Amino acid sequence: NSQTFNYASYHTLDEIYTWMDSFVASSSGLVSKLQIGTTFENRPIYVLRFSTGGVNRPAIWINFGIHAREWISPATSLWFANKLVSEYGKDSSVSSLLNTMDLYLEIVTNPDGYSFTHTNNRMWRKTRSNHAGTSCKGVDPNRNFDANFGGPGASGNACSSTYYGPYVNSEKEVKAIVDFVTNHGNFKSFIDVHSYSQLLMFPYGYTSTKPKDYNELMELSKKSITALASVHGTKYRYGPILTTIYQSSGSSIDWAYDQGIKYAFCFELRDTGRYGFILPANQIIATAEETYVGLMEILDHVRLNPY
Amino acid sequence: QKTFIGDQVLRITVNNEEQLALVSSLQEQEHLNIDFWLEPSKPLLPIDIQVPREHVQSVKALLEFNGVSYSTLIEDLQALMDEEEKEMVLSHHKER
């Protein structure tokens with residue numbers, strides 16, 4: 001069950017889905033599980049909703065593991081979810097946050113891909129969809145959003161790991177997020193958690209134009225990574241996607257920002273390359289601990305700066 | 001199940017646009033089957049590539065011939081994955 005679950009280990013999709021049910025059951029009504037869609041291979045796509053009540057409260061979205069091989073992201077999300085429940089009613093930041101806003105966590109954003117990394121190819125990044133005209137499977141879901149779709153920093157080659165797909169939102173996993181966030185209509189923050197390379201980024205990736213909230217997002221990023229570094233000394237770089245790593249079109253946070261969600265961020269968790277996607281399990285807890293602190297800086301700011 | 005015996009992960013540091021273009025062009029050479037873990041972006045930012053065992057020597061030779069510096073981050077990817085799997089199996093059997 002969620003109390004005895006080993007958060008210091010990597011887990012299969014089935015184990016995570018089983019954990020979700022026991023986690024919800026033991027959360028005293030604070031957490032519920034919603035299905036927001038199904039994957040190409042017909043797996044359910046779940047979101048955990050943290051809510052203390054109210055109708056259509058302002059909300060925060062955080063998704064983990066959109067690139068299947070980045071195992072540390074969903075592993076961090078499990079610990080994060082558990083931490084929130086255990087801190088609610090004790091920690092003032094967590095309590096204030098959940099008393100005023102709803103929080104949605106998409107623990108495994110790309111279930112088909114994640115399952116594939118456990119059974120067939122540990123290094124798989126994309127979805128597992130089939131599209132006409134090619135024998136190569138899968139689309140990079142983080143190039144499939146409606147943000148300069150098909151532009152520089154994405155590949156039109158279906159065999160490439162950064163293939164943007166045949167059309168915007170062609171991936172059911174992407175469409176599920178887009179529909180859910182759009183229909184909800186009151187998200188104030190959208191955070192997409194990846195690994196590795198220790199970065200905290202905000203829009204844009206598809207253009208060198210600065211977002212209109214550039215100064216605020218820069219300051220908040222600095223605050224977040226400073227807090228994160230205070231836990232285990234892990235150093236992050238920060239800034240817009242394009243200048244911090246590379247140009248990329250069709251990414252989730254660019255789409256979210258263009259939808260009017262000001263606090264749009266993308267994390268790249270540990271490490272800086274010694275292990276890459278094979279980050280040892282003994283670093284899961286430390287990664288989750290520091291990420292929690294970095295995330296809470298952002299979430300505190302979102303709560304204190306309504307718009 | 002796909003295995004990665006002898007696959008290496010190289011960290012490449014390019015010093016100028018010319019070297020950047022050279023490394024980027026590896027993406028188009030599909031026969032090499034190189035997986036970019038960190039995509040090429042701009043000089044001085046690291047690029048990490050996973051190279052299949054059978055192409056490790058030729059890719060390293062190409063980089064050296066063109067004066068591109070690199071280091072080997074992961075000597076044998078499969079060895080790391082075996083470790084990972086062992087840890088997961090152990091964790092399953094551990095008393096909670």
Side-chain angles (χ1 to χ4, degrees), chain A residues 1-12 15 67 69-71 75 116-126 136 140 143 153-155 157-162 195-197 199 205 237 241-248 268 271-284, chain B residues 1-5 7-14 20 23-24 26-52 70-96:
Chain A
N1 68 42
S2 64
Q3 300 308 306
T4 55
F5 186 80
N6 184 5
Y7 292 93
S9 175
Y10 292 114
H11 296 278
T12 63
E15 288 167 351
H67 290 144
R69 60 196 179 184
E70 297 167 3
W71 281 12
F116 198 66
T117 61
H118 278 271
T119 52
N120 286 275
N121 180 349
R122 175 67 182 83
M123 285 302 126
W124 190 255
R125 168 188 170 102
K126 303 189 284 184
C136 283
D140 181 345
R143 300 290 184 277
S155 175
N157 174 359
C159 302
S160 162
S161 62
T162 54
S195 75
Y196 59 105
S197 60
L199 305 167
R237 289 188 292 121
I241 297 173
L242 190 139
T243 51
T244 308
I245 37 171
Y246 44 61
Q247 188 164 21
S248 65
E268 294 277 354
D271 62 6
T272 51
R274 182 172 171 79
Y275 295 102
F277 306 115
I278 318 290
L279 191 71
N282 63 17
Q283 293 194 38
I284 292 174
Chain B
Q1 185 163 22
K2 188 171 167 57
T3 57
F4 300 91
I5 299 161
D7 281 20
Q8 293 197 345
V9 178
L10 307 181
R11 166 149 296 186
I12 300 169
T13 311
V14 294
L20 186 68
V23 177
S24 299
L26 292 174
Q27 281 173 306
E28 279 118 53
Q29 299 187 42
E30 279 179 28
H31 69 283
L32 290 175
N33 212 7
I34 290 173
D35 187 1
F36 278 75
W37 284 19
L38 289 182
E39 304 272 327
S41 52
K42 53 191 170 192
L44 302 177
L45 281 185
I47 302 163
D48 291 350
I49 59 172
Q50 178 196 329
V51 188
Y70 70 88
S71 61
T72 306
L73 283 182
I74 298 176
E75 289 278 351
D76 180 357
L77 186 56
Q78 189 60 45
L80 270 186
M81 290 195 191
D82 291 344
E83 275 300 308
E84 185 179 63
E85 198 169 345
K86 218 160 64 186
E87 274 177 15
M88 285 181 72
V89 171
L90 267 177
S91 155
H92 282 289
H93 294 122
K94 221 185 247 173
E95 202 176 328
R96 300 286 182 235

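Protein chains get the first letters and strands the later ones, always in sequence-line order, with residue 1 at the start of each. Hydrogens, waters and symmetry mates are skipped; everything else that's a heavy atom, side chains included, is used. The shown structure was predicted, so the numbers you read here are calculated from the model rather than taken from an experiment.
In terms of heavy-atom pairs under 4.5 Å with chain B, the best-connected choice from A:H118, A:R69, A:Q247 is A:R69.
Residue contact with chain A, scored on non-hydrogen atoms closer than 4.5 Å, involves the backbone of B:F36 exclusively.
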Residues A:N157, B:E30; criterion side chain to side chain donor-acceptor pair (under 3.5 Å); working and verdict: CA-CA 10 Å; A:N157 174 359; B:E30 279 179 28; 2.7 Å; yes
With side chain to side chain contact (heavy atoms under 4.5 Å, CB included) as the test, would you mind laying out the steps for B:L45 and A:R237 before giving the verdict? CA-CA 12 Å; B:L45 281 185; A:R237 289 188 292 121; 3.6 Å; yes
Show your reasoning for whether side chain to side chain contact (heavy atoms under 4.5 Å, CB included) applies to A:M123 and B:W37. CA-CA 9 Å; A:M123 285 302 126; B:W37 284 19; 3.2 Å; yes
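Of all heavy-atom pairs between B:R11 and A:G273, the closest is NH2-CA, 3.6 Å. In this structure, B:L38 and A:Y196 approach most closely via the heavy-atom pair CG-OH, 3.7 Å. The two atoms that bring A:N6 and B:S91 nearest to each other are ND2-OG, 3.3 Å, heavy atoms only. Nearest heavy atom pair, residue B:E84 against residue A:I278, reads OE2-CG2, 4.0 Å. The minimum heavy-atom distance between B:K42 and A:T244, with the atom names listed, is NZ-N, 4.5 Å.
Side chains of B:L73 and A:R274 form no contact here, defined as non-hydrogen atoms less than 4.5 Å apart.
Interatomic distance, CG of B:L80 versus CZ of A:R122, reported as 10.0 Å (0.5 Å rounding).
Without hydrogens or angle criteria, A:S9 side chain to B:M88 main chain gives no donor-acceptor distance under 3.5 Å.
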